[in-house]
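What follows is one structure encoded as structure tokens, with my remarks underneath.
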Amino acid sequence: RMNFFTGRYAFSNGATWNGIPLNVNERTIGDYLKPLGFRVALVGKTHMVADEEGMERLGIDPNSNLGIHLSECGFEPFERDDGLWGNNAFPPPDIAYNRYLKEQGYISENGWHDFANSAEGPNGEILSGWYLRHSNLPARVREEHSETAYMTNRAIDFITETGEQPWCLHLSYIKPHWPYMAPAPYHNMFSQNQFYPVHRNDSQKENAHPVYKAFIETSVSKTFSREEVRNTVLAGYMGLIKQIDDNLGRLFKFLEESGNMKDTMIVFTSDHGDYHGDHWLGEKEFFHEQIVKVPMIIYDPTDSANKTRGYKEKRFIEAIDLLPTFLDAVESSASKHRLEGNSLMPIIKGEKIKNWKDSVFSEIDYSFNEARKLLNLGASDARAYMLRTNKWKYIYYKGFPAQLFDLENDPEEFKDLGQSPKHSKTRDEMKELLLRRLVSRKNRVAATDEFVLKDRDYTKEDGIMIGIW
């Protein structure tokens, strides 16, 4: 998410995992849009952790306006809710959603867990959604009171309250996410004969790359590699996606009726996919297509976008491209010297582009993953970098051999060519392309490009003279 917010790669902005603070010196969407008069707000989750040490060093009160801005990655926390509130064993804070549930008659100290993310047994017992075996059962909350419906309501509240002031809203839905509990009727809308076949092959486990092998051996991957787990979870997971669709329809109807649809750019996307047993893996911390290839739909209401309306773009797009796009959309004159992405406005407008990226880049810090422990790696050694072109996917690991996949002949990514003698030249070429990406990072963040390119005369006698005889 911090890549979306900053327009910079993870190892550039430093927030490489949930729980890692975003450096107080990083600029986010709010830093660029608020000075232009925009109200920039959040509804939903970010998992942002404040850089409290950095604020203390600078003498910034975390409860001040600036402190809140920095603590919430530049957003006004109109309704922040990270949606992971445990169970009654560790009570959650006084979150607004729990108060809302009590107002609707769901009496519990933690309605998030006991109603929104649990089912009910035959004898009235609570069946916690933390147990995956309950994922195909209906949540104890009515659909209109579920997290997805509630966050949609809060988004509508924000837009209504903001009125004519320009605004930017990050509606970050909590679901689909574990606990995979969907309210009725979404919990059983999809059955096993509608699930796509699991994508994996026994050959992947033979002479497996050591890092990939470690990920396979994690407890979550072993769990999701079981067919009964996958089938049970996907029922709830797909239902939750359908619920997102329906609530977005409700939101769009509101935008149309309120007149906002005619002047609001909408971007629908996700931060990652999910394995659910594909490639013998669970969760999302690796580089297969199931994870790194996410949906993105952009609606631009202006006439300049008519040429590409309804068009399916095939060129490579990255998460870091959105912030530069927003700045171009509002005709911001702010320097983009920090931004590592490229504006999508030329693509949206159907303009001819001579040089567009011929690859996409991704990177991972798996220090907090169980795989690091299995590999006995140090805190700064669990790192990997991916570069994907139309034909090749190359993954470089710190301390381990590389992986290579031929996406034209092996789109399933079953055959690792990382040790193939016939592909040594290709690996070298991909490594060189990856190196070009790494050395092109925007690390000179305290000086704008305009400042760097400014003409300087070192021959004047009333100034600093360099190299004059």
Ignoring hydrogens and geometry, is there a side-chain-to-backbone donor-acceptor pair from [X] to [Y] under 3.5 Å?
X      : Y      : result
Ser221 : Phe215 : yes
Asn3   : Ile320 : no
Arg427 : Ser420 : yes
Lys415 : Asp406 : no
Thr269 : Pro295 : yes

### Task
Using the side chain to side chain donor-acceptor pair (under 3.5 Å) rule, take Lys175 and Asn117 through it: C-alpha gap first, then chi angles, then the decisive distance, then the call.
CA-CA 11 Å; Lys175 304 295 188 183; Asn117 287 281; 2.7 Å; yes
For [X], which residues count as a side-chain contact (heavy atoms from CB on, under 4.5 Å) partner, sequence neighbours excluded?
X      : result
Pro122 : Glu125
Ile266 : Phe252, Leu255, Met261, Thr264, Tyr299
Glu72  : Ile68, Pro77, Arg80
Asn201 : Ser203, Gln204, Phe414

### Stepwise side chain to side chain contact (heavy atoms under 4.5 Å, CB included) check, Ser108 with Phe115
CA-CA 8 Å; Ser108 169; Phe115 287 99; 3.7 Å; yes
What I want to check is whether the side chains of [X] and [Y] have a donor and an acceptor closer together than 3.5 Å.
X      : Y      : value
Glu76  : Trp167 : no
Arg250 : Asn247 : yes
Gln403 : Asp416 : yes
Asp31  : His69  : yes
Arg338 : Asn13  : no
Tyr394 : Thr389 : no
Thr46  : Arg1   : no

Less than 6.0 Å separating the ring centroids of [X] and [Y]?
X      : Y      : answer
Tyr9   : Phe361 : yes
Phe5   : His170 : yes
His276 : Tyr180 : yes
Phe286 : His279 : no

Compile the donor-acceptor pairs under 3.5 Å between side chains in residues 132-139 and protein atoms, sequence neighbours left out, one pair per line.
from: His134; atom 1: ND1; to: Ser128; atom 2: O; distance (Å): 2.8
from: Ser135; atom 1: OG; to: Leu132; atom 2: O; distance (Å): 2.9

Mind checking side-chain hydrogen bond (donor to acceptor under 3.5 Å, both in side chains) for [X] and listing every partner two or more places apart, or none if nothing turns up?
X      : value
Tyr366 : none
Glu206 : none
Asn207 : none
Glu227 : none

Min side-chain heavy-atom separation [X]-[Y] under 4.5 Å:
X      : Y      : answer
Leu417 : Thr426 : no
Tyr397 : His209 : yes
Met2   : Met48  : yes
Lys349 : Thr302 : no
Leu322 : Met296 : yes
Leu33  : Leu327 : yes
Pro179 : Trp112 : yes

What pair of heavy atoms forms the shortest contact from [X] to [Y], and how long is it?
X      : Y      : answer
Gly14  : Ile20  : O-CG2, 3.3 Å
Pro21  : Gly19  : CD-O, 3.5 Å
Phe316 : Ser359 : CD1-N, 3.5 Å
Ile29  : Cys168 : CG2-SG, 4.1 Å
Ser12  : Glu340 : OG-OE2, 2.8 Å
Gly282 : Tyr275 : O-CD1, 3.8 Å

Scan the side chains in residues 375-386 for donor-acceptor partners under 3.5 Å anywhere in the protein, sequence neighbours excluded, and list what turns up.
from: Asp381; atom 1: OD1; to: Lys398; atom 2: NZ; distance (Å): 3.2
from: Asp381; atom 1: OD2; to: Gly378; atom 2: N; distance (Å): 3.3

Exceeds 12 heavy-atom contacts within 6.0 angstrom, atom [atom1] of [X]:
X      : atom1 : value
Arg142 : CZ    : no
Glu52  : CD    : no
Lys213 : NZ    : no
Lys442 : NZ    : yes

Hey, can you pull the donor-acceptor pairs under 3.5 Å for the side chains in residues 235-244, sequence neighbours left out?
from: Lys242; atom 1: NZ; to: Asp246; atom 2: OD1; distance (Å): 3.1
from: Gln243; atom 1: NE2; to: Glu143; atom 2: OE2; distance (Å): 2.9
from: Gln243; atom 1: NE2; to: Ser146; atom 2: OG; distance (Å): 2.8

### Task
Step by step, work out the side chain to side chain donor-acceptor pair (under 3.5 Å) result for Asn369 and Arg372.
CA-CA 6 Å; Asn369 191 286; Arg372 181 195 63 79; over 6 Å; no
### Task
Using the salt bridge (Lys or Arg N to Asp or Glu O under 4.0 Å) rule, collect all pairs that involve residues 153-162, keeping only residues at least two apart or in two chains.
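Those involving residues 153-162 are Arg39-Glu161, Glu79-Arg154, Arg154-Asp157.
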#### Entry: Charged N-O contact under 4.0 Å between Lys391 and Glu408
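So Lys391 pairs with Glu408 through a salt bridge.
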### Message
Taking the basic N atoms (NZ, or NE/NH1/NH2) and the acidic carboxylate oxygens, is any pair closer than 4.0 Å for Arg388 and Glu413?
### Response
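Salt bridge absent between Arg388 and Glu413.
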### Query
Does the cation-pi check pass for Arg99 over Tyr150, that is, NZ or CZ under 6.0 Å from the six-membered ring centre and within 45° of its axis?
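No cation-pi geometry.
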#### Entry: Rounded distance (nearest 0.5 Å) linking atom CG of Leu339 with atom CG of Leu323
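With rounding to 0.5 Å, CG (Leu339) is 5.0 Å from CG (Leu323).
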#### Entry: Stepwise side chain to side chain donor-acceptor pair (under 3.5 Å) test for Thr325 and Asp328
CA-CA 5 Å; Thr325 303; Asp328 276 2; over 6 Å; no
